[in-house]
Amino acid sequence: MSIILIPVAPLSRTKSRLRDCFSNNQLRDLTLAMFKDLIRTLTKVKCFDKQIVYCNTDEILDFAEDYGLIGIKENLTNPPKSFDEVIKNLNDIAINKFNAESTILTFIDIILIKARNFNEINEVLKNNQLLVCPAIHSAGISILGRKPPDIIPTFFSDPNIPSLVALIQKAKDMGIKKISIYDSFRAGFDVDVKQDIVLAYNYLKIFNLTHTETFQFLKNNLNLTLKKVNADNNRAFRIIKKK
C-alpha cells in the first residue's frame, strides 16, 4: 500500500517566516490557496492507494475530504510538538491504521509540482528504500519517500544540520543502499522565506500557472519585486517594493 502524506500546520500559525510580507489573515489565505492547488493537482494522480491530510484546522480537513482525500485531525499539545514528532505521528498512523508499505511525504508549498512528478516519484520509490527531492534554495527536503515507512526518521527539527544533509548521512550510517535523489525543479521549489515568495510569483507566470489560486493571491497581495544588485550578477538581488 502506497500512501501520500500531507501535513499542514494550523492556519493560526502558518508560514511564520513570511510575516514581514503579509498579515496573519493574508498568510491564512495564502496557505489555503497553496493547499487547494496541491489537492487539485493530486486529484489527477491515481497511483496512490490513499492520500492523507493531517491538520488541526477543520477547514483544511473538510476541503480535503470534499476532494476524496482522508482528513485526520492533529491533536495539538502544549508545548507544541516538534515538526519531526508531527511527521512521526502521521507516519505511524499510515502504518498502524492503513497498513502503509511505503509513504511519500509532501508539503503544500511546492507550488510548481505537476501530477507527472508524483507519478514518477511513486514509480522510482518502488525500486528504492529512500527517495529524496532536495529543496532548490536550501539543503532541505521538499519530498521524502520511504519504503518501508519507518526505515529512517526525519531530521526537520535538527537545530544544527540541514534536514537533507542529516538524513543522507544517517541513511549511510544505517547502511541503507537503495537511495534515489529525485532531481526536479518543479518538485524542489518551495515557498518558505521572502525571496521565495517573490520568485514564486514570477515562476508561476513562467510555467503558465496563472490560473492557480496561489498566483491569484500573489497578484492581488504581493507588493514586492526583485532587483539585481548590479548588471553583471544574476545571483545577487534586492527585494524592493513595487512602484
Side-chain angles (χ1 to χ4, degrees), residues 1-19 22-45 48-100 102-113 115 118 121 133 135 140-146 149-150 153-157 163 187 190-193 196-197 200 212-214 217:
M1 172 115 18
S2 175
I3 298 179
I4 190 164
L5 307 177
I6 309 158
V8 183
L11 291 180
S12 59
R13 60 175 192 239
T14 184
K15 287 297 170 189
S16 59
R17 294 179 186 175
L18 294 174
R19 283 180 182 158
F22 302 116
S23 68
N24 287 337
N25 284 337
Q26 286 175 317
L27 288 175
R28 178 183 180 279
D29 291 343
L30 172 61
T31 298
L32 285 170
M34 293 191 296
F35 177 71
K36 289 176 180 180
D37 287 338
L38 176 63
I39 297 307
R40 287 168 179 151
T41 296
L42 285 172
T43 61
K44 305 171 187 175
V45 180
F48 300 113
D49 298 292
K50 305 287 183 184
Q51 302 179 24
I52 300 175
V53 174
Y54 189 57
C55 186
N56 182 258
T57 304
D58 289 336
E59 187 172 357
I60 291 286
L61 299 176
D62 290 344
F63 186 86
E65 292 176 353
D66 286 345
Y67 276 78
L69 284 76
I70 298 169
I72 296 179
K73 190 158 189 173
E74 177 192 358
N75 294 320
L76 302 184
T77 61
N78 189 15
K81 297 183 288 289
S82 71
F83 192 43
D84 282 327
E85 290 172 325
V86 172
I87 297 304
K88 184 179 187 307
N89 289 347
L90 174 54
N91 204 55
D92 287 346
I93 290 170
I95 295 170
N96 298 325
K97 187 173 181 178
F98 297 98
N99 300 313
S102 65
T103 56
I104 293 172
L105 176 69
T106 192
F107 306 105
I108 66 170
D109 60 356
I110 48 173
I111 61 171
L112 305 178
I113 198 163
F118 287 114
I121 287 165
C133 180
I141 296 170
S142 65
I143 295 178
L144 174 64
R146 292 180 284 181
D150 56 358
T154 60
F155 297 89
F156 295 105
S157 305
S163 55
D190 59 0
V191 176
D192 196 34
V193 295
D196 298 335
I197 204 72
T212 63
E213 295 207 20
T214 303
F217 170 88

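The chain is numbered in sequence order, starting from 1.
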Quick check: do [X] and [Y] have side-chain heavy atoms less than 4.5 Å from each other?
{"X": "Asn89", "Y": "Glu74", "result": "no"}
{"X": "Thr77", "Y": "Glu85", "result": "no"}
{"X": "Leu5", "Y": "Ile3", "result": "yes"}
{"X": "Thr214", "Y": "Val191", "result": "no"}
{"X": "Phe156", "Y": "Ile141", "result": "yes"}
{"X": "Ile60", "Y": "Leu32", "result": "yes"}
{"X": "Cys133", "Y": "Ile121", "result": "no"}
{"X": "Ile111", "Y": "Asp37", "result": "no"}

Would you compute the distance between atom [atom1] of [X] and atom [atom2] of [Y] and round it to the nearest 0.5 angstrom?
{"X": "Asp190", "Y": "Ile110", "atom1": "CG", "atom2": "CD1", "answer": "8.0 Å"}
{"X": "Arg28", "Y": "Ser12", "atom1": "CZ", "atom2": "OG", "answer": "10.5 Å"}
{"X": "Phe155", "Y": "Ile87", "atom1": "CZ", "atom2": "CD1", "answer": "13.5 Å"}
{"X": "Leu11", "Y": "Cys55", "atom1": "CG", "atom2": "SG", "answer": "6.0 Å"}
{"X": "Thr57", "Y": "Arg13", "atom1": "OG1", "atom2": "CZ", "answer": "9.0 Å"}
{"X": "Thr14", "Y": "Ile108", "atom1": "OG1", "atom2": "CD1", "answer": "5.5 Å"}

**OP:** List for me each residue that meets ring-ring contact (aromatic ring centres under 6.0 Å, His included) alongside Phe98, sequence neighbours excluded, and say none if there are none.
**Re:** none
Do you know the tightest heavy-atom contact between [X] and [Y]?
{"X": "Val53", "Y": "Ala64", "result": "CG2-CB, 3.7 Å"}
{"X": "Ile39", "Y": "Leu69", "result": "CD1-CD2, 3.5 Å"}
{"X": "Met1", "Y": "Asn99", "result": "CB-O, 3.6 Å"}
{"X": "Lys15", "Y": "Leu27", "result": "O-CD1, 3.6 Å"}
{"X": "Thr41", "Y": "Ala115", "result": "CG2-N, 3.6 Å"}

Original post:
Tell me the salt bridge (Lys or Arg N to Asp or Glu O under 4.0 Å) pairs involving residues 60-69, sequence neighbours left out?
Top reply: none
Subject >> Stepwise side chain to side chain contact (heavy atoms under 4.5 Å, CB included) check, Val45 with Ile4 >> reply: CA-CA 11 Å; Val45 180; Ile4 190 164; over 6 Å; no
Main chain of [Y], side chain of [X]: is a donor-acceptor contact present, judged purely on distance under 3.5 Å?
{"X": "Ser142", "Y": "Ala187", "value": "yes"}
{"X": "Ser157", "Y": "Asp84", "value": "yes"}
{"X": "Lys81", "Y": "Asn75", "value": "yes"}
{"X": "Asn91", "Y": "Pro149", "value": "yes"}

Original post:
Given the rule in the side chain to side chain contact (heavy atoms under 4.5 Å, CB included) test, do Gln51 and Ile70 qualify, once you have shown the distances and angles that lead to the verdict?
Top reply: CA-CA 6 Å; Gln51 302 179 24; Ile70 298 169; over 6 Å; no
Just wondering, more than 12 heavy atoms not from [X] lying within 6.0 Å of its [atom1]?
{"X": "Lys73", "atom1": "NZ", "result": "yes"}
{"X": "Lys88", "atom1": "NZ", "result": "no"}
{"X": "Arg40", "atom1": "CZ", "result": "yes"}
{"X": "Asn96", "atom1": "CG", "result": "yes"}

**OP:** Look at the rings of Phe217 and Phe22 and say which category their plane angle falls in: under 30° parallel, 30 to 60° tilted, over 60° perpendicular.
**Re:** perpendicular
Original post:
Hey, are Asp150 and Arg146 close enough for a salt bridge, meaning a charged N less than 4.0 Å from a carboxylate O?
Top reply: no
**OP:** Not counting sequence neighbours, which residues clear side chain to side chain donor-acceptor pair (under 3.5 Å) with Ser163? List them please.
**Re:** none
